[in-house]
Amino acid sequence: MNYQSPADLKQALVQRAREIGFDDCRVAAAQAPSHAQEFRAWLDAGAAAEMDWMARGAEKRHDPQRVLAGARSVIVLAMNYWQGSAEMRNADCGLRNKEIDDRMTESGGPGRIARYAWGDDYHDVIERKLEQLNDFLETAGGRQRHYVDTGPVLERDFAAAAGIGWHGKSTMLLNRTLGTWFFLAEIFTTLDLPADSPQAEHCGSCTRCIDACPTGAITAPHRLDARRCISYLTIELKGSIPLELRPLVGDRIYGCDDCLEACPWNRFAQTARETAFAARPVLTQMQLRDYLALDELQFREIFRGSPIKRIKRRGLLRNVCVALGNVGSEGDLAALEVAARDAEALVAEHAVWAIEQIRTRPRVNGKTIAKV
């Protein structure tokens, strides 16, 4: 299809992106990302921990031409996944929020799961939409390569350059209308599209995200040590969660939203149009100890098409054991004792730890005090 000018093509692209469900579509020049050197220093400091794939793709992350030869533009897309307020979450989804962290508990509760993982896997949802945009761009003569959190891209740098948002002190990207609750995706293209302007930062003196981090993983504004981040510990880490960090994980069994939830810009967040990100009913029904009864087949069935599937049964049950060690009670011991004999050594190890935590935890009026 012929367009009178690159500006006309870009306008048509933005319209098409919104039609298929993206909440923002902007363009950055295919230039070296602004934090390329800082990223290298971060890797050299070991702050990526076991995420070796980040180092393997480091050179491509520094140079868009290594991603797509002849790339002229990077199209950056944002998709909202916000599913309502914390109060709505508790009423409709049954997932706990941090206002009730300090209560005494009869059972472990359902555990906390990062909002982005409540529904279907965003990789699958967004990939299908990117393929539609790729088809559109091919009709304009472009060659493309697209990613949704799957390729060697410093995506927040390109998103900030395109004006999708600005770099928050948590290292997350912030947007005036979406707050912190959005996914990013990128399309590298050989088409030369007019670039958008970045927007100014609007964090000011606020440090709520830093103060909210349960483990002190945000070591300074714009600097995060993955080795202490609960999202890393419960998702990316394949082995044992360090003993000293287990009590700080609280009842989180997949990811952590604390630094996001603390951001004042979220007061403008609107419920997502994409229904695939709504919470799956199973997450509203299962208590922590129920997860320990899942065998491999049941795990795969329940979490088919969910981001949670990526950590496998052993990873989820490891996290559940840690959560029960922090918020569980005597009523959870029977399930944990079975888990302590699990064929997966990783699960058994964390179950033994949880049993010890529950048995040695102080009690008030006959109830075990949750420790988060």
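Owing to the predicted nature of the structure, the values given are computational and were not obtained by experimental measurement.
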### Task
Take D120 and D124 through the side-chain contact (heavy atoms from CB on, under 4.5 Å) test and state the conclusion after the steps.
CA-CA 8 Å; D120 294 347; D124 300 332; over 6 Å; no

### Task
Find out whether the Lys NZ or Arg CZ of R280 is both under 6.0 angstrom from the six-membered ring centre of W118 and within 45° of the ring's axis.
no

### Message
List the residues meeting ring-ring contact (aromatic ring centres under 6.0 Å, His included) with H123, not counting sequence neighbours, and say none if there are none.
### Response
none

### Message
Donor-acceptor check, side chain of T190 to backbone of R143, threshold 3.5 angstrom: yes or no?
### Response
yes

### Task
Take R246 and Q357 through the test side-chain hydrogen bond (donor to acceptor under 3.5 Å, both in side chains) and record every step on the way to the result.
CA-CA 11 Å; R246 292 181 192 179; Q357 296 303 299; over 6 Å; no

### Task
Please assess R300 against R313 for the test side-chain contact (heavy atoms from CB on, under 4.5 Å), listing each intermediate value before the final yes or no.
CA-CA 8 Å; R300 290 196 296 269; R313 173 185 177 272; over 6 Å; no

### Message
Tell me every residue that passes salt bridge (charged side-chain N to carboxylate O under 4.0 Å, His left out) with R145, counting only those two or more places apart in sequence or in another chain.
### Response
none

### Task
Could you tell me whether a side-chain N or O of K169 sits under 3.5 Å from a main-chain N or O of C206, the two making a donor and an acceptor?
yes

### Query
Minimum heavy-atom separation for A29 to F158, with atom names?
O-CE2, 4.0 Å

### Message
For G142, is there any backbone N or O sitting under 3.5 Å from a side-chain donor or acceptor partner on Q144?
### Response
yes

### Task
Quick one: sort the F183 and Y122 rings into parallel, tilted or perpendicular, breaks at 30° and 60°.
parallel

### Task
Taking side chain to side chain contact (heavy atoms under 4.5 Å, CB included) as the test, write out the residues that go with C263, two or more places apart.
L174, T180, W265, N266

### Message
Restricting to side chain to side chain contact (heavy atoms under 4.5 Å, CB included), what partner residues turn up for S73, sequence neighbours left out?
### Response
V27, T189, D192, L193

### Message
Does anything in residues 22-33 form a side-chain hydrogen bond (donor to acceptor under 3.5 Å, both in side chains)? List the pairs, not counting sequence neighbours.
### Response
D24-R26

### Query
Hey, mind stepping through R176 and H202 against side-chain hydrogen bond (donor to acceptor under 3.5 Å, both in side chains) and telling me if it holds?
CA-CA 9 Å; R176 280 178 172 269; H202 298 284; 3.0 Å; yes

### Query
Do you see a donor-acceptor pair shorter than 3.5 Å between the side chains of E19 and Q15?
yes

### Side chain H350, main chain I241, donor-acceptor under 3.5 Å
yes

### Task
State, to 0.1 Å, how close R304 and E301 come at their nearest heavy-atom pair, and which atoms those are.
NH1-OE1, 2.9 Å

#### Entry: Distance-minimising heavy-atom pair for I113 and L283
CD1-CD2, 3.7 Å

### Task
For side-chain hydrogen bond (donor to acceptor under 3.5 Å, both in side chains), just list the numbers for S240 and E349, CA-CA rounded to whole Å, side-chain angles, deciding distance to a tenth of an Å, and then say yes or no.
CA-CA 8 Å; S240 298; E349 172 205 341; 2.6 Å; yes

### Task
Could you pull out the closest heavy-atom pair between C256 and S231, with the gap in Å?
N-OG, 3.2 Å

### Task
Indicate yes or no for a side-chain donor-acceptor contact from R289 to the backbone of G331 under 3.5 Å, with no hydrogens or angles considered.
yes

### Task
Can you sort out the partners of Y232 under side chain to side chain contact (heavy atoms under 4.5 Å, CB included), two or more places apart, ordered by chain and number?
A49, E50, M51, A226, C229, E236, L237

### Query
Angle class for the Y147/F188 ring planes (parallel below 30°, perpendicular above 60°, tilted otherwise)?
perpendicular

### Message
Walk me through whether T139 and D135 qualify under side-chain contact (heavy atoms from CB on, under 4.5 Å).
### Response
CA-CA 7 Å; T139 66; D135 293 343; 5.9 Å; no

### Message
Applying side-chain contact (heavy atoms from CB on, under 4.5 Å) to R156 and L184, what does each step give before you reach the verdict?
### Response
CA-CA 8 Å; R156 278 170 280 183; L184 289 172; 3.9 Å; yes

### Task
Verify, without hydrogens or angle tests, whether R252 (side chain) and A323 (backbone) share a donor-acceptor contact under 3.5 angstrom.
no

### Message
With no hydrogens and no angle check, just 3.5 Å: does a side-chain donor-acceptor pair link E131 and H146?
### Response
no

